[in-house]
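All values below were derived from every heavy atom in this structure, side-chain atoms included, with hydrogens, water molecules and symmetry-related copies excluded. Keep in mind that this is a model prediction, so the values were computed, not measured. Here is how names work: the chains are called A, B, and so on, in the same order as the sequence lines, proteins then strands, and each is numbered from 1.
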Amino acid sequence: MSTASQYVLEARDISKHFDGVFALNEVDLQIRTGEIHALLGENGAGKSTLIKVLTGVYAPDSGTMHLEGEGITFKGVSSAHKAGVVALYQELSIVPNVSVAENIVLGDDMPTRAGLVDWKELRRIAREQLDRLNQGQIPVQRMAGRLTPVQQTMVAVARAIAVKAKVLILDEPTAALTDHEIQDLFRVLRNLRAEGVAIVYVSHRLEEVFELCDRATIMRNGRVMTTTDVADTTIREVISTMVGRNQEDLFPTRGIPGASTAVEIHNLSGQRVKDVSLSVKEGEVLGIGGLAGSGRSELLRIIAGAQRHTSGRIVIDGQETNHKSVAAALSHGVALVPEERRSQGVVLSQSIGENIAVGNLTSISKWGLVTRARIKSLASNSIAELQIKSRGPHQTVGQLSGGNQQKVVLAKYLARNPKVLLLDEPTRGIDVGTKSEIYGLIRGLAAKGAAVIVVSSELPELIGLADRIVLMHEGHISGEVSAAGADEEQLLSYCYGRAAS
Amino acid sequence: GGGADASAEPEDNGAPVVAVFTASYATPAVKTGVDMFEDQATEKGWQVSVSDSANDYNKLNAQMQDAISRDVDAIVMGYTSQEKTSLGVSAANDADIPVFAIDAGIEPYEPYALNVTSDNTQLATASAQAIIDANPDGGDVLIVGWDSHPGIRLRTDVATELFEKNGFNVAANHQIQSPGAAQEEALSFVQDYLQSHPGEAAPVGVWAGFDAAGFGAVQAAEAAGAEGIAVASMNGDDFAIAEIAKGGPFIATVLQDWPTIIGDVVSAMDTYFTDGTLPENNHIEIEGTPITKGNASEF
Amino acid sequence: MQTRAAAGEGARRYTSALGAMKSGGTIIGFILLVAVFGMMRPEVFLTFGNLRNVLEQVAILAIIASVQTVVMVVGNFDLSVGATASLSGAVVAQLLIGGQGIAVAIAGALVVGALVGAVNGYLTAYLKLSAFVATLATMTSVSGLAFIVTDGTTLFGLPQGFMSLGQGRWLGLPIPIFVAIAIAVMVWFVLRNTTIGRRWHAVGGNAEVAKLSGVHVNRVRFLAFVVAGAGAALAGVVLTSRLASATATSGDSYMLLAIAAVFLGMTISKEGTANIGGTLIGVGILGVLSNGLNIIGVSTYVQQFLTGIIIIAAVAFSRLGNKGVS
Amino acid sequence: MQTRAAAGEGARRYTSALGAMKSGGTIIGFILLVAVFGMMRPEVFLTFGNLRNVLEQVAILAIIASVQTVVMVVGNFDLSVGATASLSGAVVAQLLIGGQGIAVAIAGALVVGALVGAVNGYLTAYLKLSAFVATLATMTSVSGLAFIVTDGTTLFGLPQGFMSLGQGRWLGLPIPIFVAIAIAVMVWFVLRNTTIGRRWHAVGGNAEVAKLSGVHVNRVRFLAFVVAGAGAALAGVVLTSRLASATATSGDSYMLLAIAAVFLGMTISKEGTANIGGTLIGVGILGVLSNGLNIIGVSTYVQQFLTGIIIIAAVAFSRLGNKGVS
Ligand SMILES: Nc1ncnc2c1ncn2[C@@H]1O[C@H](COP(=O)(O)OP(=O)(O)OP(=O)(O)O)[C@@H](O)[C@H]1O
Ligand SMILES: Nc1ncnc2c1ncn2[C@@H]1O[C@H](COP(=O)(O)OP(=O)(O)OP(=O)(O)O)[C@@H](O)[C@H]1O
Ligand SMILES: [Mg+2]
Ligand SMILES: [Mg+2]
């Protein structure tokens, strides 16, 4: 080593602005060989932007980068790949219309023989990578678009680890994964660390960070606040550095459910949902847990009119509503905050105002007319109420950070004051501070008499937020517990379809 | 209508089987002529099929080869372009199937048994002469043509030469780009021209290669309120005759003599079917009838 | 701190000015075009009479492009508008020749157009056919119908009263200009200030999101096609009146031009979506181009060659600065 | 567990059979079409001679549609292919008339086509213009060039040797059929088995992911347009050879047909993406339709009307069962 630098990757004084607003402001980051380095911060702190600068997607306005002591500038992703700096980007998934194997080796390193794709070698590489992740069951020849979302994420991870990287960067890889896959991923990451690969890891699940990472860099508002050894700090300390104040309790106090039943479901069956019955009282928060693919999303979609059911009844406020569309469900006061915000929640190319307005056209229109002023005032209220970090109602949603996009989705449905609110993974990819705000909003709505159903893959979230929890397994309800004092292991066993032992 | 049975098998009753090919049945003049031929031929007891290839000459040639392989007794080319059908026509020659043609080529073409066509030179001369006669002092004329059509291109060449010989200046030659919208295109072009050449600079006449374009020019002249612009074109379409009868800027068109043209083709074919003889002269040009305000009411 | 904030402000002003210039590139292209033609033949090009001519020449295109904008806002496009204009023009002519009153004839033509639109809408929204295949197929059928209605001939001899729609003047300007303005303003207003307009935008932005927000996506998409059909029919009626005649193909060439105008206009909006203001600029570019080239007397073939080049230049202008970024 | 798995298997088999029928709807539509025409005129329609005839009629369309498939696999489309075919046909004729050798003339025409493709590719991939505007504009310019090259006339009098490409036969079949087959097979092979082919798919599937996975998206997209340009040029050369003449518009009508064929074929693939097999079925539908309607003797205008209806029926067939779902 000619250089004395102990860092494999070093970024100094990196600044980047969008439309005059700084997303990164003189950021320094130093990554050592053989460490897992957490990159933490609130939604919109600048983590993803920094990663895109590090891998040549964005050119920084100013600042320098050194790789193994050499000054370097990347002119795009493939030049970063060549140098050994590889990233898995946030919420970026797969190419749906090519095979799993091709998704894993898509770039310049696609193996060839006599100028043609060497399919055998390609599949071998793909299988090898998937095996590392314990995902050997994924058929490498299948079109990637036909995999489940979890499998798609794992394929994307496999793509990132397939490149012989010096620095591997993962931006919220676990947001859409369940514990099972997360543990497989961690094992691989630890092995890579042992081989001397430097890993940068972004997550809003701080427990994970403390389990996995060696050091952490904490950002706030586009600046680096501190870099510290994980062993030397606590979750509480990290949170207060991230949000700039002390975090009170994550979960709000529970309320007292009302007497009347807001929504009842009797023997509901449909695609991947089998004979489900449940009821939620006014002011009650019901949590639904289960493994990926257990049918939770489908259940919510059926209740919300987004998907047909084959049998069963839905009763809202004592009235059977045979609704067949989302519009009809909404008119009965049933609103669904969908799972995939980019494809189901927001129109990325439209403004915050337009996104919120489209769910509330009836209330802001008169004789079919809507004015810009009404859209603006509706959106401004939401921005204030949910503290959406933005430049105002006119800002394009695609320019917001992931967490703030999620707040826009929530705002759209909350503005309707729904009687029954269904939330599918509402805090995916959201920072702790914001999570706490969202929990507060959910409880606030319940306090006003709404019935809330929350689907979440994070059991602590269900336990902390809900009044009551039901668990689903292969489309059935496999168990029900009261949330206060519920035990994670018990919930898990229901998730696997076993009665609690 | 165009096309009874395009691929009729030769039948045993001895009636001659005739396959008609055209690439532009959607054009009014072509439709008139092809329908007229079909009527007359059917009356003679021939078994006629009409195929339109909608300007796809690749298809037209393939269809011809197919007709040849089915051994039809005669082939009729309706308003096609002789340069684009050599594949089919020479295959017909090889198979000894005579090819008769209606207005399908402006020059004598040896592989045809007979081509009866409008006398484009006469059509162009007559219409251009109308403008020349209306403007003894000469001046600028505009030409609206369509060179992609060989017949109309010939007319344009003839008219241009005649104008120049008589001391007129051909100030602009506009080529129609979308034949389907020729009237509107001519309207816009002449409108723009009149705008940029007002008063003294205005042309004394607009000569158009076919009536739809002429009609557009007339409308532009009327809308601009320009005095003394004479418009002449040809084909003898009924809307043009009606417009000429009104006595506006539209002063002349030349009616193509389809009855004679079709009649000549049918009688030559009749002779061939009767005794197997083909005409001596395989290229006949038929003159058209000039129509002006004076005689417009007779048509 | 002070200086940095100031610099930030400066940078913001700078980039947004640049942004405006970029997204306004097509507008600048349009202005440049006018300026160049104006400089070459100022005594002709920049006169009231010529302006009126240009407006008159683009009026029908503007109507079709305006309603095409609606379809493109919902994220589809309609290849049948030109054929629908031809058919409706033929229908109105045939009805008038058959002795129907002017109002009845026009209403008949508009109904035919709306029906064609309804077929397109049904195929695209409810049967989920790709709009390209569906509208190309209706274009073919509708064009066949137009030939059947006209029997392949030119229909003429329409009553004088009908002609005033296309040939009459008001305040010294041809009526079609006013029709076009009315339609464009209506489309602008509906797109901007009505619930159906907001829904069109939402469906075009992301149909799944719109559906989950309670929008009846199919109905909304269907309606856009009906509007396009009826609008194209109106354009066909105006065209027939202006030409005092109808053929089976008179409106066909508007199809590509209308889509081109909307696409040109899309470069104006930051989001790259169809918008009526942009569409009118697009129509303006196409109109000025053909008028200007006619006026400076470029020969037909070269005109065609230049038209393509200038369109590319006008649009590329708005992109060149962007090149490095994405 | 056992039973459940079995039920799952059963359900899967059921859905995929249904899926195959649905996605195969277009194929079934095609077969139905052949069956109906075959039943109406078996002694004519189902003969070897007629089959050859259909193939001959669609050969040039098949070439253009095959290369259009490539552009549509990357998620764009190219409106200039028809005009490029016309221009290249004119170029090869003009070069031959000017005394160049056959090989040189053909090479010249292909280079012209590839250049047009490169312009389209540059505008679309690098300047990020919408493919519609860019290729519509080049279509206009290229068509203008074709008029300039031909001076608006028909070029003819080409050497006999050149004509064998379009008019010759081999094994009793016209050469253009073999050229079309060769191109289709080549496109199929390249799309399937080469890195560029796989990258074309990836860019079309999700350009953002492809780019962030290290694919040179711009270069890959650029290349697709070059291929389309060169392929269209080849089609133009074959057409010129077949007609023994060239005009400025001889290839124009292939543009819409080629795109329609690819779109028809897209309904065949489960993912709804462009694929060469589907394209050929699409070409087949268009070819059989025009041949069959001719053979059963439907009049031209009604033929046009029916063509649209039948195309819709063929495609709608693949969708009707889907209606309730999405
Ligand atoms: N393309 C863009 N245009 C404009 N602003 C942007 C763009 N991308 C990011 N930003 C802004 O930059 C800031 C940082 O965003 P970034 O996505 O880096 O946040 P993050 O830390 O990754 O947040 P999250 O945890 O929510 O993913 C945000 O304020 C965001 O609005
Ligand atoms: N095994 C599977 N087979 C088919 N589709 C699946 C499967 N797993 C998940 N999906 C689909 O992916 C979507 C989202 O999956 P996600 O990983 O979020 O699962 P989840 O929400 O935990 O599962 P679910 O919503 O089914 O309980 C679901 O709506 C479902 O349609
Ligand atoms: Mg992020
Ligand atoms: Mg789910």
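Looking at D/L264, both its backbone and its side chain come within 4.5 Å of chain C, counting heavy atoms on both sides.
Two residues are said to be in side-chain contact when any heavy atoms from C-beta on lie closer than 4.5 Å; C/V142 and D/Q304 fail this criterion.
Interface remark: of the candidates C/T300, C/D151, C/V217, C/D151 forms the most heavy-atom pairs closer than 4.5 Å to chain D. Each of C/A248, C/G152, C/A134 has some count of heavy-atom pairs under 4.5 Å with chain D, and the biggest count is that of C/G152. No other option in D/T138, D/I259, D/L306, D/L79 has as many heavy-atom pairs under 4.5 Å with chain C as D/I259.
A ring-centre distance under 6.0 Å is not found for D/F147 and C/F305.
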Applying side-chain contact (heavy atoms from CB on, under 4.5 Å) to C/Y301 and D/V149, what does each step give before you reach the verdict? CA-CA 10 Å; C/Y301 303 152; D/V149 169; over 6 Å; no

One pair to check against side-chain contact (heavy atoms from CB on, under 4.5 Å): C/L256 and D/F132. What are the steps and the verdict? CA-CA 10 Å; C/L256 275 181; D/F132 195 97; 4.1 Å; yes

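A distance-only check finds no donor-acceptor pair linking the side chain of D/T140 to the backbone of C/T307 [under 3.5 Å].
Summarising the geometry, atom CG belonging to D/L136 is positioned 6.5 Å from atom CD1 belonging to C/I311; distances are rounded to the nearest 0.5 Å. Between atom CD1 of residue C/I148 and atom OG of residue D/S299 there is a gap of 6.5 Å, rounded to the nearest 0.5 Å. The line from CG of C/N120 to CD1 of D/I312 is 7.5 Å long, rounded to the nearest 0.5 Å. Interatomic distance, D/I310 CD1 to C/S141 OG, rounded to the nearest 0.5 Å: 9.0 Å. Separating the CZ atom in C/F263 from the CG atom in D/L129 is a distance of 11.5 Å, to the nearest 0.5 Å.
Close approach to chain D, defined as a heavy atom under 4.5 Å from one of its heavy atoms, is seen in no residue of residues 283-292 of chain C.
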